[in-house]
Structures are given as structure tokens and as C-alpha cells.
Amino acid sequence: MAIDRADNLYTSYYLMDSIRQYDLEGNLNFSKSIVHTPPVEIGSLNIDTDCKGNVYFSGIYKGKAEFNNNYKFESIGDFDIFIAKIERI
């Protein structure tokens with residue numbers, strides 16, 4: 001979990017395929033998905049924000065994964081890592 005300067009809460013859990021932002025009242029502001037095709041395994045391990053409101057997260061994946069409907073990756077061998085940035089929403 002991470003909290004930005006506007007007190008928004010960001011969550012991501014291992015084996016969860018999205019990053020979510022909640023406001024102070026617990027309302028879901030947005031959810032960004034990491035698309036994968038079974039039997040792909042994917043998990044987010046770390047999440048943080050910077051002073052500009054950008055969100056950074058890292059994790060692992062095995063198989064084919066697609067980030068932001070744009071960036072397609074396929075692991076080589078076992079698990080590979082990823083580091084990603086979501087610009088301020």
C-alpha cells in the first residue's frame with residue numbers, strides 16, 4: 001500500500017492483476033489492470049508514489065503479460081520482473 005500527498009490510498013497485492021486508488025472515504029477512484037492470458041502468473045510486489053502524484057510499482061510475471069494495452073512482454077524461462085510507472089491521474 002502507498003498513500004500520496006492528497007491522502008489517496010493505492011493498493012496492489014501479490015496475485016492481484018490491478019493497481020487501485022481509493023480516496024479518503026474509501027471510494028474507488030481508478031483501477032489499472034495488467035492483462036494476462038492464463039496460465040500466466042503475475043503479482044505486484046511493491047508500490048509507492050512520488051511528490052508529483054505518479055505511482056510506481058514492481059512485480060513478477062511468468063508467461064505473457066500486457067501493460068496499458070500497449071506493452072507486451074513474455075517471460076524467458078521462469079519468472080521475470082517488471083517495474084512500471086502510472087503517471088498522475
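In this text the structure is predicted, and so the values were computed from the model without any measurement. Counting from 1, the numbers follow the sequence of the chain as shown.
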Would you check if Phe82 and Phe73 make a side-chain contact, meaning some heavy-atom pair closer than 4.5 Å?
no

Within a strict 4.5 Å, meaning less than it, do heavy atoms of the Val55 and Glu87 side chains meet?
no

Exercise: do Asn29 and Tyr22 side chains pair donor with acceptor under 3.5 Å:
no

Measure across [X] and [Y] and return the closest heavy-atom pair with its distance rounded to 0.1 Å.
X     : Y     : value
Tyr61 : Ile81 : CE2-O, 3.8 Å
Ala2  : Ile47 : CB-O, 3.8 Å
Leu28 : Arg20 : CD1-CB, 3.8 Å

Counting neighbours of CD1 on Ile76 that are heavy atoms of other residues, nucleotides or ligands and sit closer than 6.0 Å, is the number greater than 12?
no

Which residue, Thr49, Asp48, Asn46, Ile86, forms the side chain to side chain contact (heavy atoms under 4.5 Å, CB included) with Phe57?
Ile86

To the nearest 0.5 Å, tell me how far Asp7 CG sits from Leu24 CG.
5.0 Å

Atom pair CD1/CG of Ile60 and Asp78 - distance to nearest 0.5 Å:
8.5 Å

Using a strict threshold of under 4.0 Å (side-chain N to carboxylate O), is an ion pair present between Lys62 and Asp80?
no

